[in-house]
Asker: 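Sharing a structure with you now.
A note on names: the letters A, B, ... follow the listed sequences, proteins ahead of strands, and every chain is numbered from 1. Every heavy atom of this structure was used, including side-chain atoms; hydrogens, water molecules and symmetry mates were not.
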2 protein chains.
Amino acid sequence: MKAKSAHSSPKPRADSIRNRERLLVAATKIFSADTGHASLEAVARQAGVGIGTLYRHFPTRETLFEAVYRHEVEQLFALAEKLSRGGDPAESLRKWLNANVRLVATKKGMVEALQLVTHGSSELKNYSFERLTAAIAMLLDRGVAAGVFRSDVSPEELLRALVGIFYSQAAEKWQPGALRLVNVLVDGLCRSTGARVPRRSLRRRGTQ
Amino acid sequence: MKAKSAHSSPKPRADSIRNRERLLVAATKIFSADTGHASLEAVARQAGVGIGTLYRHFPTRETLFEAVYRHEVEQLFALAEKLSRGGDPAESLRKWLNANVRLVATKKGMVEALQLVTHGSSELKNYSFERLTAAIAMLLDRGVAAGVFRSDVSPEELLRALVGIFYSQAAEKWQPGALRLVNVLVDGLCRSTGARVPRRSLRRRGTQ
DNA sequence: TGACAAACGGAGGGTACCTCCGTATAACTA
DNA sequence: TAGTTATACGGAGGTACCCTCCGTTTGTCA
């Protein structure tokens, strides 16, 4: 007899996995592009599956949102992993932060997404907080070890600063401001240890 | 010849005015009651007018939202006027603040409303800021004049505190906390001048 | 009271939501 | 490889909502 105990997950079929993946990709695209109110049928169309399939995988709009969000957090984590494997620590951190800004910037339907995170399951909140903190930690630790970053800023603090930057700038045309602040942040991290600051990040500074 | 210059508004018909009023009332009710996504057809039904009439008065969902919001700000202002005409200043202020809490509490569809205020026309933002500040000023000045309130808190500051209370508590079951904070606020205003503090507001205090 | 601009109502065409069930197929067995 | 079956798929269809358009009604003014 096959090991098919009542409680272990019975391993989904290959097409099921594939379709789930497609839906996630499609949803990411549609949600980003559209102005806030994307239709689920559009997502299904984009994914090349029937509407029924969408609903089987994601019974409610929220589950789909949540999955997309999770997926993006995972990708950010993966990027951090990759970036922290080599290259200048300050540049790596800057790149990762920029990726964050860009991600948020393309989220036209972000309003709903943000609501989800703010009012949604605390499980999801915890997950993303933990994951993003870990991502930042990876990037940060390397720089600290190399003596490039000051050592008195924790990953949690940095994450909060990041959220603050996004939140406070939640107006039109916020991206330039956010990017500038991100640069300030990285510069600040570097400078106060007396470490060499990458030239690029100094360019914008005037007198003062 | 009738004064009907090309630019002055040609004075709307009586039924037009009446229907607009009805729609506003209906919308307030529906938006408050419903869970975030009220249908415009429901509003029209509730108002007892045809859907076409709704669209003629409020071409988009946003215009309707905005009108409702304006209307409520006006009512808050009127309430402040009434309250500041007599009675204990502290009690008046408390009543007004409580009205605020209750108003926000019934706004299930508040999420959208808040979005409107945050991202909407700055004209509307200015209007409500000005109106609410004026309302608070009325209530505050009287108490200051009577020596019941401390005099070093401006209406603007109080308004900001209020917004902060609402915003920070934007979770489930926030109303008790918000009401408590409002009480703390009023008590604080009174206490620090050495003025008598209404008994009610002390009741909740335990040791410490 | 008559004439007409202004306002009304709601039918209708289009889209999106979500369910349900007949059909297809991946996975496993002999 | 063929047969079997649980699993997953697709999309038709009923409902609700959006918004426009236009024939009808009504307030207003002379």
Side-chain angles (χ1 to χ4, degrees), chain A residues 1-27 29-31 33-68 108-109 112 116, chain B residues 1-27 29-31 33-68 108-109 112 116:
Chain A
M1 176 191 268
K2 192 173 27 175
K4 199 178 176 181
S5 82
H7 285 293
S8 79
S9 51
K11 187 190 177 211
R13 267 166 49 168
D15 53 350
S16 176
I17 294 172
R18 175 168 42 75
N19 281 336
R20 200 191 141 81
E21 203 68 23
R22 282 186 187 171
L23 279 167
L24 229 44
V25 172
K29 182 166 174 187
I30 299 273
F31 288 163
D34 216 320
T35 19
H37 219 79
S39 99
L40 298 186
E41 297 192 325
V43 172
R45 251 193 319 274
Q46 166 81 29
V49 307
I51 187 66
T53 300
L54 185 149
Y55 275 97
R56 203 169 317 102
H57 282 287
F58 306 101
T60 69
R61 177 178 287 267
E62 282 68 41
T63 45
L64 181 53
F65 263 121
E66 184 167 328
V68 167
K108 293 279 178 28
E112 276 193 77
L116 170 69
Chain B
M1 176 193 267
K2 192 176 28 180
K4 199 176 174 180
S5 81
H7 286 292
S8 79
S9 50
K11 188 190 177 211
R13 267 167 48 167
D15 53 349
S16 176
I17 295 174
R18 176 169 41 76
N19 282 335
R20 189 175 204 288
E21 204 68 23
R22 282 185 186 170
L23 279 167
L24 229 43
V25 172
K29 181 166 174 187
I30 298 273
F31 287 164
D34 217 320
T35 19
H37 218 80
S39 99
L40 298 186
E41 298 192 324
V43 172
R45 250 192 322 273
Q46 166 80 29
V49 306
I51 185 68
T53 299
L54 185 149
Y55 275 98
R56 202 168 320 100
H57 282 287
F58 306 101
T60 69
R61 178 178 287 265
E62 283 67 42
T63 45
L64 182 52
F65 264 120
E66 183 167 329
V68 167
K108 293 279 178 26
E112 276 191 79
L116 170 69

Asker: Quick one: is C:dA7 close enough that its OP1 or OP2 comes under 4.0 Å of any side-chain N or O from B:H57?
Answerer: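 It does not, given that no N or O in the side chain of B:H57 lies less than 4.0 Å from OP1 or OP2 of C:dA7.
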Asker: Output every pair passing salt bridge (Lys or Arg N to Asp or Glu O under 4.0 Å) with a member in residues 14-24 of chain B, not counting sequence neighbours, ordered by first then second residue.
Answerer: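 Qualifying pairs: B:R13-B:D15.
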Asker: Under 3.5 Å between N/O atoms: give me all the protein pairs with nucleotides 15-17 of chain C, atom names plus distance.
Answerer:
| from | atom 1 | to | atom 2 | distance (Å) |
| --- | --- | --- | --- | --- |
| C:dC17 | OP1 | A:L40 | N | 3.4 |
| C:dC17 | OP1 | A:R61 | NH2 | 2.4 |
| C:dC17 | OP2 | A:L40 | N | 3.0 |
| C:dC17 | OP2 | A:E41 | N | 3.4 |

Asker: Report the distance from atom CG of B:L24 to atom NZ of B:K29, rounding to the nearest 0.5 Å.
Answerer: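 Atom-to-atom, B:L24:CG and B:K29:NZ are 14.5 Å apart.
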Asker: Return the set of residues passing side chain to side chain contact (heavy atoms under 4.5 Å, CB included) with B:R45 (not counting sequence neighbours), or none when no residue passes.
Answerer: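 B:R45: side chain to side chain contact (heavy atoms under 4.5 Å, CB included) contacts with B:E41, B:A42.
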Asker: Which pair of non-hydrogen atoms, one from A:V49 and one from A:N19, has the smallest distance, and what is that distance?
Answerer: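 So the minimum-distance heavy-atom pair works out to CG1-OD1, 3.5 Å.
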Asker: If we only count heavy atoms from C-beta on, is the B:Y55 to B:T60 side-chain gap below 4.5 Å?
Answerer: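 Not in contact.
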Asker: State, to 0.1 Å, how close A:A26 and A:V43 come at their nearest heavy-atom pair, and which atoms those are.
Answerer: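 Where A:A26 meets A:V43 most closely, the heavy atoms are CB-O, 3.6 Å.
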Asker: Could you pull out the closest heavy-atom pair between B:A44 and B:L23, with the gap in Å?
Answerer: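 In this case the closest contact between B:A44 and B:L23 is CA-CD2, 4.4 Å.
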Asker: Taking NZ from A:K11 and C1' from C:dA27, how many angstroms apart are they, rounded to a whole number?
Answerer: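 In whole Å, C:dA27 C1' lies 8 Å from A:K11 NZ.
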Asker: Is any side-chain heavy atom of B:S16 less than 4.5 Å from a side-chain heavy atom of B:H57?
Answerer: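 They are in contact (side-chain heavy atoms under 4.5 Å apart), so the answer is yes.
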Asker: Quick test: give all pairs of protein nitrogen or oxygen and nucleotides 21-24 of chain D nitrogen or oxygen below 3.5 Å, distance rounded to 0.1 Å.
Answerer:
none

Asker: Closest approach to the side chain of B:V49, judged atom by atom: which nucleotide of D:dC29, C:dG9, D:dA8 is it?
Answerer: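 The nucleotide sitting nearest to the side chain is C:dG9.
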Asker: Under a 4.0 Å heavy-atom cut-off, which of residues 14-24 of chain A touch DNA chain D?
Answerer: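 Heavy-atom cutoff 4.0 Å gives A:D15, A:S16, A:N19.
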Asker: Ignoring backbone atoms, test whether A:T53 places a side-chain nitrogen or oxygen under 4.0 Å from the OP1 or OP2 oxygen of D:dG10.
Answerer: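 For A:T53, the contact criterion (side-chain N or O under 4.0 Å from OP1 or OP2 of D:dG10) is met.
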Asker: Report the C-alpha distance between B:F65 and B:F58 in whole Å, list the side-chain angles of each, state the deciding distance to 0.1 Å, and finish with yes or no for ring-ring contact (aromatic ring centres under 6.0 Å, His included).
Answerer: CA-CA 9 Å; B:F65 264 120; B:F58 306 101; over 10 Å; no
Asker: Going from CD1 on B:I51 to CZ on B:R56, what distance comes out if it is rounded to the nearest 0.5 angstrom?
Answerer: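 That separation rounds to 11.0 Å.
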